[in-house]
*Asks:* 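Got a structure for you, questions after.
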Amino acid sequence: MHLSHELELFPNLNVTQILFKDVKNAAELRQNAVEGTITGALINPTMLVSPFQVLVAANKAVHLNKTGKMKTRSLFSEIIFNLSPTNNISEAFKRFGISDGDDSVLVVLVHNKEESQLVTDITAKVDGQQVPLDDLSSLSDHAKIKKLYKITPQEEKCGTLLDAVVCRMATKDVM
Amino acid sequence: MTSAGNLPIMELLSKAELLKQGAEARIYKTLFLGRPTIVKERFQKRYRLPLLEEKLTHRRTVQEVRSILRCRRAGISAPVVYFVDYTSHCIFLEEIQDSSTVRDHIASTRWSASSVSDVSLECLAQMMGSTLAKMHDEDVIHGDLTTSNMLLRRPAGHGECELVLIDFGLSSISALPEDKGVDLYVLEKAFLSTHPNTEALFQKILKTYAASSKKSAAVLKKLDEVRLRGRKRSMVG
């Protein structure tokens with residue numbers, strides 16, 4: 001159901017993504033994230049094209065964390081920041097983090113061990129239904145994504161929406 | 001210039017497959033975030049002054065990445081950038097699969113010398129002309145146009161071929177017809193020296209370029225001027 005990927009650059013670290021629908025306690029979860037009682041990134045899944053997008057953001061966050069060059073204060077806020085096409089931190093949180101009224105949440109965990117306990121712990125905190133990661137495509141709001149990432153129509157001809165999004169995420173520091 | 005941050009990359013590259021080593025960079029093939037990826041590592045030139053070395057390598061990395069995004073935004077195919085490590089100057093790029101360099105394609109097509117292959121070269125010339133026109137209209141100067149830096153991607157089964165530009169390490173942004181003319185001149189020299197007796201084919205590229213670009217007249221005029229300069233050329237005017 002959830003998706004776990006071992007980072008090739010950091011083989012002792014895994015990134016686990018868990019998707020929830022019909023979430024009723026988004027406000028509480030957001031508060032927990034701010035307080036730091038949830039050790040994961042809470043992301044608004046409507047802004048995501050694919051789990052690969054999250055992996056790109058997570059990999060960059062871990063790299064910057066290890067080299068002491070993060071732009072935000074924690075690994076999890078850095079993951080959210082890396083999803084954004086701009087360098088404005090508060091805008092990134094607003095667009096990619098969860099809001100109190102959201103009914104779907106993607107939880108991203110970064111850990112160095114077997115994840116089943118972590119998944120159980122998180123699932124207990126979320127008042128919602130865990131669904132397979134494949135459901136992510138049904139939640140994506142492509143129009144909103146295209147608008148926020150400023151995807152040009154020509155660009156869509158030479159690649160997928162995911163290509164365009166990932167390329168911007170990877171290069172935004174120098175654009 | 002080793003720091004704790006470099007070790008993970010060095011580890012990954014030591015297990016990756018080295019595809020090519022150029023004057024500036026090593027190209028590796030590996031899996032990254034589950035996808036077939038090319039890692040371009042700009043290695044250190046120890047004969048250079050360390051401060052200059054760092055600035056130059058960093059600048060080349062940045063320019064490469066900027067130009068790729070700029071091209072993609074204009075609809076020109078270039079590999080997707082997945083990740084850039086500015087401490088070790090490594091760029092993680094999409095591996096363009098089911099492709100061959102234009103250089104290999106022209107060489108192998110000419111070996112078979114059948115009428116079918118000639119038509120395909122015509123098509124290729126048109127693709128090159130129109131892609132370069134689009135690129136120059138975006139004011140992107142590739143800087144190292146050769147047939148080895150162009151890939152022909154042919155998805156298995158379909159007839160649709162796609163031209164993908166790679167290696168933007170020497171690229172820059174410029175609106176000047178002079179710079180674009182020089183860009184085409186570099187291609188002309190590389191083209192004619194790599195593929196003998198292809199003058200007509202190159203002319204076809206220029207013809208399509210002229211038809212596709214709104215600013216081509218000035219550029220082609222500059223190209224004529226640039227040809228008159230260079231090695232073994234009389235500057236007597």
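Chain naming here is simple, since letters A, B, ... match the order of the sequence lines and numbering starts at 1 in each.
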*Asks:* Determine whether a donor-acceptor pair (N or O, by modelled atom type, separation under 3.5 Å) exists between the side chain of A:Asn25 and the backbone of A:Asp127.
*Replies:*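 Yes, A:Asn25 side chain to A:Asp127 backbone: donor-acceptor pair under 3.5 Å.
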*Asks:* Tell me if a side-chain donor or acceptor on A:Ser84 pairs with a main-chain N or O of A:Ile80 at a distance below 3.5 Å.
*Replies:*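 Side chain of A:Ser84 to backbone of A:Ile80: no pair is present.
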*Asks:* Take atom CZ in B:Arg59; do more than 12 heavy atoms of anything else shown fall under 6.0 Å from it?
*Replies:*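 Atom CZ in B:Arg59 is not crowded, with 12 or fewer foreign heavy atoms closer than 6.0 Å.
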*Asks:* Under 4.5 Å between any side-chain heavy atoms of B:Leu223 and B:Val219, yes or no?
*Replies:*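 No. Closest side-chain heavy atoms not under 4.5 Å.
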*Asks:* Quick check against the 3.5 Å criterion: does B:Glu64 have a side-chain atom that pairs as donor or acceptor with the backbone of B:Phe168?
*Replies:*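 Side chain of B:Glu64 to backbone of B:Phe168: a pair is present.
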*Asks:* Quick one: what part of B:Ile91 sits under 4.5 Å from any heavy atom of chain A, side chain, backbone, both or neither?
*Replies:*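 Contact with chain A is absent: no heavy atom of B:Ile91 under 4.5 Å.
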*Asks:* Looking only at heavy atoms and a cut-off of under 4.5 Å, which of B:Arg70, B:Glu162, B:Glu94, B:Arg66 has the most pairs with chain A?
*Replies:*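 If we count pairs closer than 4.5 Å to chain A, B:Arg66 comes out on top.
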*Asks:* If you tally heavy-atom pairs under 4.5 Å against chain A, which of B:Thr30, B:Leu31, B:Leu69, B:Leu12 wins?
*Replies:*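 Of the options given, most contacts go to B:Leu69.
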*Asks:* Which atoms of B:Leu33 are under 4.5 Å from chain A, going by heavy atoms: the side chain, the backbone, both sets, or neither?
*Replies:*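 Both parts, backbone and side chain.
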*Asks:* At a heavy-atom distance under 4.5 Å, which candidate from A:Glu8, A:Arg168, A:Gln154, A:Lys60 has the highest pair count against chain B?
*Replies:*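 Between A:Glu8, A:Arg168, A:Gln154, A:Lys60, the count favours A:Glu8.
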*Asks:* Which of parallel (below 30°), tilted (30 to 60°) and perpendicular (above 60°) describes B:Tyr209 and B:His136?
*Replies:*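 Taking B:His136 first and then B:Tyr209, their aromatic rings stand perpendicular (interplane angle over 60°).
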*Asks:* Can you tell me which of B:Pro79, B:Ala74, B:Cys71 forms the most heavy-atom pairs within a distance under 4.5 Å of chain A?
*Replies:*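 Highest number of pairs under 4.5 Å: B:Ala74.
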*Asks:* With a 4.5 Å cut-off on heavy-atom pairs, point out which of A:Leu64, A:Thr171, A:Asp173, A:Thr152 contacts chain B the most.
*Replies:*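 Answer, by heavy-atom pair count under 4.5 Å with chain B: A:Thr171.
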*Asks:* Among the options A:Lys157, A:Met169, A:Met175, pick out the one with the most heavy-atom pairs lying under 4.5 Å from chain B.
*Replies:*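 Of A:Lys157, A:Met169, A:Met175, A:Met175 has the most heavy-atom pairs under 4.5 Å with chain B.
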*Asks:* Salt bridge or not between A:Lys147 and A:Asp141? Use side-chain N to carboxylate O under 4.0 Å.
*Replies:*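 Salt bridge flag = no for A:Asp141 with A:Lys147.
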*Asks:* Between A:His5 and A:Gln17, do the side chains contain a donor N or O and an acceptor N or O under 3.5 Å apart?
*Replies:*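 A:Gln17 vs A:His5: no donor-acceptor pair found between side chains.
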*Asks:* Identify which part of A:Lys150 has an atom lying under 4.5 Å from any heavy atom of chain B, answering side chain, backbone, both or neither.
*Replies:*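 Neither part.
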*Asks:* By a 4.5 Å heavy-atom criterion (distance strictly below it), what part of A:Leu55 contacts chain B: side chain, backbone, both, or neither?
*Replies:*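 For A:Leu55, backbone and side chain are both near chain B.
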*Asks:* What part of B:Gln63 lies closer than 4.5 angstrom to a heavy atom of chain A: side chain, backbone, both or neither?
*Replies:*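 No part of it gets close to chain A.
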